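Model, not experiment: these values are computed from the prediction. For reference, positions follow the sequence shown, starting with 1.
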Amino acid sequence: MTVPTYDGFMRPLLDLAQGGEEHALREAVTALADRLGIPKSDREEMLPSGTQTKLYNRVGWAVTYLTKAGLLEKLGRGRFRITPRGRSVLAEQPVHIDQQYLERFPEFLAFKTKRRASDSQEPAGDSTGALTQETTTPHERLDYAYKELRDALVDELLERVRASTPSFFEHLVVDLLKAMGYGGAHASRAAVTGKSGDGGIDGVIPEDQLGLDMVYVQAKKWENSVGPDEIRKFVGSLGENKAHKGVFITSGSFTSGARHAAERANARVVLIDGDMLAELMIDHSVGVADVKTYTIRRLDSDYFEQG
């Protein structure tokens, strides 16, 4: 017996969680392996990267997909439990649950299509949308897999950021700006104000190598949308500090009114919402770590033309 694909674990996961108690991912991996009779040799089979077992990886992705569909909910790092929607699905007694089944839930569809709607290079699949070796090249499958891993990491980062304290969030955004190159030789002058009555300014960082101008930062650890009133307050604070440039970063999102207020401000104000924040954290290695690096090589025709 080989390890089932991730969708082979979805229905068993719901059965495991149907009692309503919390489950740790590692405990669930062992329990499912026992229930499905997966032999020890298959449980120890590693991914090609050698970073984790194929069993743990596939159960982990099954949990991710069920969570995105609202059938499970995460309670903390590596812990989950069933939701009322998950119980309703079990009541239907589906024989099999896969991605096509989960697409009936709008949250899962949003997860699958987010940040891909404008990507005209997305590889084609079969009639169910699944990628196959017959319809895609190895390069296309690798590119698509990278996008899927990155999208999942964005969601995981946002979950952790939103669970952090406001103080941690303020330090995080200053660390990110420093990682993006702000401050240069003067990066040590970057600071978090960390005090009440700061006029809406949470941090300040030199913009360039010479420290000729300062960028003021407002950090809002919110899950909801930031409205125009918050932007106007921030712009007012910039004026009080005789500042011309500001960055407003939130773990939530901005309303259209907030974006309009930033465009009309008499100072240069850049808005960074939760999705963009997570993307920037990935791009600049803040709060993330490399797992495996793959180098794709091609034939060097010029080398062979010498002979």
| task | Given side chain to side chain contact (heavy atoms under 4.5 Å, CB included), test L142 with I296 step by step and report yes or no. | result | CA-CA 10 Å; L142 182 61; I296 309 301; 3.5 Å; yes

| request: I would like to know whether V288 and V286 meet side chain to side chain contact (heavy atoms under 4.5 Å, CB included); could you show each step before the answer? | output: CA-CA 6 Å; V288 298; V286 176; over 6 Å; no

| Audit row: Q99, D7, side chain to side chain contact (heavy atoms under 4.5 Å, CB included) steps and yes/no | CA-CA 7 Å; Q99 287 197 51; D7 55 353; over 6 Å; no

| Would K40 and E44 satisfy salt bridge (Lys or Arg N to Asp or Glu O under 4.0 Å), going step by step from the backbone distance to the final call? | CA-CA 6 Å; K40 186 174 184 293; E44 296 175 350; 2.3 Å; yes

| Given the rule in the salt bridge (Lys or Arg N to Asp or Glu O under 4.0 Å) test, do K233 and D229 qualify, once you have shown the distances and angles that lead to the verdict? | CA-CA 6 Å; K233 291 177 185 177; D229 289 345; over 6 Å; no

| said: Walk me through whether V161 and F168 qualify under side chain to side chain contact (heavy atoms under 4.5 Å, CB included). | reply: CA-CA 9 Å; V161 167; F168 179 88; 5.9 Å; no

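Listed by chain and number, the residues in a side-chain hydrogen bond (donor to acceptor under 3.5 Å, both in side chains) with N57 are Q52 (sequence neighbours excluded).
Using a distance-only test at 3.5 Å, with no hydrogens or angles considered, a donor-acceptor pair links the side chain of R85 to the main chain of A69. Between the side chain of D202 and the backbone N or O of V217 there is no donor-acceptor pair closer than 3.5 Å. In this structure, R58 contributes its side chain and V3 its backbone to a donor-acceptor pair below 3.5 Å. Put simply, the side chain of R43 gets close to the backbone of I38: a donor and an acceptor are under 3.5 Å apart. A donor-acceptor pair is defined here as one N or O able to donate and one able to accept, closer than 3.5 Å; such a pair exists between the side chain of R87 and the backbone of Q18. Panel note: side chain K221, backbone S164; a donor-acceptor pair is recorded below 3.5 Å. In this structure, S285 contributes its side chain and M281 its backbone to no donor-acceptor pair below 3.5 Å. A donor-acceptor pair is defined here as one N or O able to donate and one able to accept, closer than 3.5 Å; no such pair exists between the side chain of D290 and the backbone of K292. Formation of a donor-acceptor pair under 3.5 Å by the N241 side chain with backbone atoms of A243 is not found in this model. The closest donor-acceptor contact from the side chain of R81 to the backbone of A17 lies at 3.5 Å or more, if one exists at all.
The cluster map of Ile, Leu, Val, Met, Phe, Trp and Tyr, joined by side-chain heavy atoms under 4.5 Å apart, puts L280 and Y146 in different clusters. If you chain together hydrophobic residues whose side chains sit under 4.5 Å apart, V270 and M276 fall into the same group. Hydrophobic clustering (ILVMFWY, side-chain heavy atoms < 4.5 Å, transitive): L149 and Y6 are in one cluster.
Considering every non-hydrogen atom in both L157 and G287, the closest pair reads CD2-O, 3.9 Å. The two residues P228 and T255 come nearest to each other via the heavy atoms CD-OG1, 3.7 Å. Closest of all the heavy-atom pairs between V89 and F105 is CG2-CZ, 3.7 Å. Pairing each heavy atom of L277 with each of T250, the nearest pair is CD2-O, 4.4 Å. Taking both residues in full, the closest heavy atoms of A28 and L13 are given as CB-CD2, 4.4 Å, listed atom of the first, atom of the second, then distance. Scanning all heavy atoms of the two residues, the minimum distance from A262 to I231 falls at N-CG2, 3.8 Å.
Taking 4.5 Å as the limit, every side-chain heavy atom of S251 sits out of range of all side-chain heavy atoms of E223. Side-chain contact between I82 and L16: absent, with no pair of heavy atoms (C-beta onward) separated by less than 4.5 Å. At least one side-chain heavy atom of V269 sits less than 4.5 Å from a side-chain heavy atom of L271. The shortest side-chain heavy-atom distance between L102 and M10 falls under the 4.5 Å cut-off. Two residues are said to be in side-chain contact when any heavy atoms from C-beta on lie closer than 4.5 Å; Y65 and L72 fail this criterion. Between R35 and P12 the shortest side-chain heavy-atom distance does not fall below 4.5 Å. Looking at E279 and V154, their side chains come closer than 4.5 Å, going by heavy atoms from C-beta outward. Side-chain contact between M180 and L176 is present, with heavy atoms from C-beta onward closer than 4.5 Å.
Counting heavy atoms of neighbouring residues, nucleotides and ligands inside a 6.0 Å radius, atom CG of D15 exceeds 12 of them. By the 6.0 Å contact criterion, CZ on R162 is enclosed, its count of non-hydrogen atoms from other residues, nucleotides or ligands being greater than 12. The local environment of CD in E92 is crowded, with over 12 non-hydrogen atoms from other residues, nucleotides or ligands closer than 6.0 Å.
Here OG1 of T67 is found 8.0 Å from CD of E159. Values are rounded to the nearest 0.5 Å. Here the straight-line distance linking atom CD1 of I97 with atom CG of L71 works out to 6.5 Å at 0.5 Å rounding. Distance check: K242 NZ to Y216 OH gives 11.0 Å after rounding to the nearest 0.5 Å. Here the OH-CG distance, from Y182 to L177, works out to 7.0 Å after rounding to the nearest 0.5 Å. Atoms CG and CZ, from L66 and F80 in turn, are 9.0 Å apart once rounded to the nearest 0.5 Å. Rounding to the nearest 0.5 Å gives a distance of 13.0 Å between CD1 of I272 and CD of Q218.
In this structure, a donor-acceptor pair under 3.5 Å is present between the side chains of S225 and S253.
A salt bridge between K220 and E230 is present, with a side-chain N of the basic residue lying under 4.0 Å from a carboxylate O of the acidic one. The residues K68 and E103 are annotated as not salt-bridged, no charged nitrogen and carboxylate oxygen being separated by less than 4.0 angstrom. Under the 4.0 Å criterion applied to side-chain N and carboxylate O atoms, E263 and R259 are not assigned as salt-bridge partners. Contact check on R150 versus D283 returns a salt bridge, with a Lys/Arg side-chain nitrogen under 4.0 Å from an Asp/Glu carboxylate oxygen.
Checked options E27, E22, E73; the residue passing with R79 is E22 (criterion: salt bridge (Lys or Arg N to Asp or Glu O under 4.0 Å)).
A cation-pi arrangement is present between R104 and Y101, with the terminal nitrogen or guanidinium carbon under 6.0 Å from the aromatic centre and inside a 45° cone about the axis.
Every pair tested for ring-ring contact (aromatic ring centres under 6.0 Å, His included) that includes a residue from residues 264-292 fails, sequence neighbours excluded, so the list is empty. For residues 250-282, the ring-ring contact (aromatic ring centres under 6.0 Å, His included) pairs, not counting sequence neighbours, are F248-F254.
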